[in-house]
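Numbers here are sequence positions counted from 1.
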Amino acid sequence: MTTAQTQELDVQPTPLALLLLGRQADPKSERGVECPGDLPSPSDPDLVERARAAKEKLGDKVFVLGHHYQRDEVIQFADVTGDSFKLARDAAARPEAEYIVFCGVHFMAESADILTGDAQKVVLPDLAAGCSMADMATAEQVAECWDVLTEAGIAERVVPVSYMNSSADIKAFTGKHGGTICTSSNAQRALEWAFEQGSQVLFLPDQHLGRNTAVRDMGMSLDDCVVYNPHKPNGGLTVEELRGAKMILWRGHCSVHGRFSVDSVNDVRERIPGVNVLVHPECKHEVVAAADYVGSTEYIIKALEAAPAGSKWAIGTELNLVRRLANRFAPEGKEIVFLDKTVCFCSTMNRIDLPHLVWTLESLAEGNLVNRIEVDKETEAFAKLALERMLALP
């Protein structure tokens, strides 16, 4: 029920109802996106000082990782920033740190636990910080999909390739079935490797990254791709469709990047003559085709670093990063805007706020381990195998 409807009924939403609905939420949005409006400021003005004090008390015992999509109030306390895989590797490179505080989402903390030593403890400040994309592929669904591929007689020639933005269970499935992990930066290399091992690929869980890489970067056609829907019998596909596909794409997507449209691209070109449109490969295929440049988060940052003064850019990725880049490069005369008129944050990523970070650091400083993310040994072994295959890619 919308706010307008409750007013017509003369019913006032309770604080709990407002909390569940979300602050300034777009009723048409899905889990993982909150639009429009600004993120609320920390309510306690002493939080910054408390975070500094707790972090200083912990010293080298704590290593704080901050994903690019985190809010500025959290990023200021990060020892390193980056995308999910870079941060997991950074954590593994700091064996002296007893506590790894991952300011990101759940699957990122799992990856950090997989790659760090047994003595290190990975902590997620808010256990509710998940990822809608990662949640779109469960271990049970993927196991059922493999049964479908087996019954179709193609499992032996299908190589799974899973995006880094997936759960530890999915990474373990990938490792167990001879596949590899990929990031948005090395997806093409991962797919080239996979096609050397077999003739078909099951790409999990982001259909757009898989399709964009196969078609845009590797010269396949859209007809080479089919979408497996885990909510339909046999994925909604016939045996002939499964056997004829080069790319079997899982029906998953990023809730933020999936909102960008060709209309967004056309609109910004009309509003800002000469603008360069730069989007993330998690965007829909038609958006990627309409853009000037396409690349990972790290690619976006490097492209703007190298851009000439006075250039204009519309960026199709999460808003926290776009705002940070706009502020960073404004003194150089670079105009950087968000691609879409509707302002969107990744609401699950932004569950890691300053109050949660302060609580985490103060708890650790007092000797209380909270919100530990720990992957079981069997899952870790197979997931690490898949990650190691990626690290061995040329």
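- Just one residue in the list Leu321, Ile336, Leu339 forms a side chain to side chain contact (heavy atoms under 4.5 Å, CB included) with Ile315, and that residue is Ile336.
- The ring-ring contact (aromatic ring centres under 6.0 Å, His included) search around His257 returns His280, not counting sequence neighbours.
- Remark: Gln76 CD is packed, more than 12 non-hydrogen atoms of other residues, nucleotides or ligands lying under 6.0 Å away.
- Checked against a 6.0 Å centroid threshold, the rings of Trp313 and Phe329 do not count as neighbours.
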Please tabulate, for the side chains in residues 380-394, all donor-acceptor contacts under 3.5 angstrom to protein atoms that are two or more places apart in sequence or on a different chain.
from   : atom 1 : to     : atom 2 : distance (Å)
Arg389 : NH1    : Gly175 : O      : 3.1
Arg389 : NH1    : Gly179 : O      : 2.8

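- Glu332 and Lys334 are joined by a salt bridge, as a carboxylate oxygen and a charged side-chain nitrogen come within less than 4.0 angstrom of each other.
- The closest donor-acceptor contact from the side chain of Asp224 to the backbone of Ser221 lies under 3.5 Å.
- Applying the side chain to side chain donor-acceptor pair (under 3.5 Å) test to Asp169 and every residue at least two apart in sequence or in another chain returns nothing.
- Side chain of Gln120 to main chain of Gly117: a donor-acceptor pair is present (N/O by atom type, distance under 3.5 Å, no hydrogens or angles).
- Residues that satisfy the side chain to side chain donor-acceptor pair (under 3.5 Å) test with Arg189, not counting sequence neighbours, are absent from this structure.
- Remark: the Asp147 side chain and the Thr150 side chain contain no N/O donor-acceptor pair separated by less than 3.5 Å.
- Asn165 places no side-chain N or O within donor-acceptor distance of the main-chain N or O of Ala134, the cut-off being under 3.5 Å.
- Rounding to the nearest 0.5 Å gives a distance of 7.5 Å between CG of Asn186 and OG1 of Thr180.
- Applying the ring-ring contact (aromatic ring centres under 6.0 Å, His included) test to Tyr299 and every residue at least two apart in sequence or in another chain returns nothing.
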Report, one line per pair, each donor and acceptor closer than 3.5 Å where one atom sits in a side chain of residues 225-240; sequence neighbours left out.
from   : atom 1 : to     : atom 2 : distance (Å)
Asn229 : OD1    : His231 : N      : 2.9
Thr238 : OG1    : Glu241 : N      : 3.0
Thr238 : OG1    : Glu241 : OE1    : 3.4

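- In this structure Asp376 satisfies the side-chain contact (heavy atoms from CB on, under 4.5 Å) test together with Glu378, Thr379, sequence neighbours excluded.
- Under the ring-ring contact (aromatic ring centres under 6.0 Å, His included) criterion, Phe203 pairs with no residue at all, not counting sequence neighbours.
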Contacts under 3.5 angstrom, residues 88-98 side chains, donor-acceptor by atom type, not counting sequence neighbours:
from  : atom 1 : to    : atom 2 : distance (Å)
Asp90 : OD2    : Lys86 : NZ     : 3.0
Arg94 : NE     : Glu96 : OE2    : 2.6

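- If you check the side chains of Ser363 and Thr360, you find no donor sitting under 3.5 Å from an acceptor.
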Which pairs of donor and acceptor atoms, one on a side chain in residues 243-251, lie under 3.5 Å apart (sequence neighbours left out)?
from   : atom 1 : to     : atom 2 : distance (Å)
Arg243 : NE     : Ala152 : O      : 2.8
Arg243 : NH2    : Ala152 : O      : 3.1
Trp250 : NE1    : Met136 : O      : 2.9

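- Comment: Arg328 engages Glu305 in a salt bridge, judged by a side-chain N to carboxylate O separation of less than 4.0 angstrom.
- Heavy-atom contacts from other residues, nucleotides or ligands closer than 6.0 Å to CG of Asn368 number more than 12.
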Which pairs would a plain distance check flag for residues 99-113, meaning a side-chain donor or acceptor within less than 3.5 Å of a matching protein atom at least two apart in sequence or in another chain?
from   : atom 1 : to     : atom 2 : distance (Å)
Glu110 : OE1    : Ala168 : N      : 2.7
Ser111 : OG     : Phe107 : O      : 3.2
Asp113 : OD2    : Val375 : N      : 2.8

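- Considering only residues two or more places apart in sequence or on other chains, His285 meets the ring-ring contact (aromatic ring centres under 6.0 Å, His included) condition with none of them.
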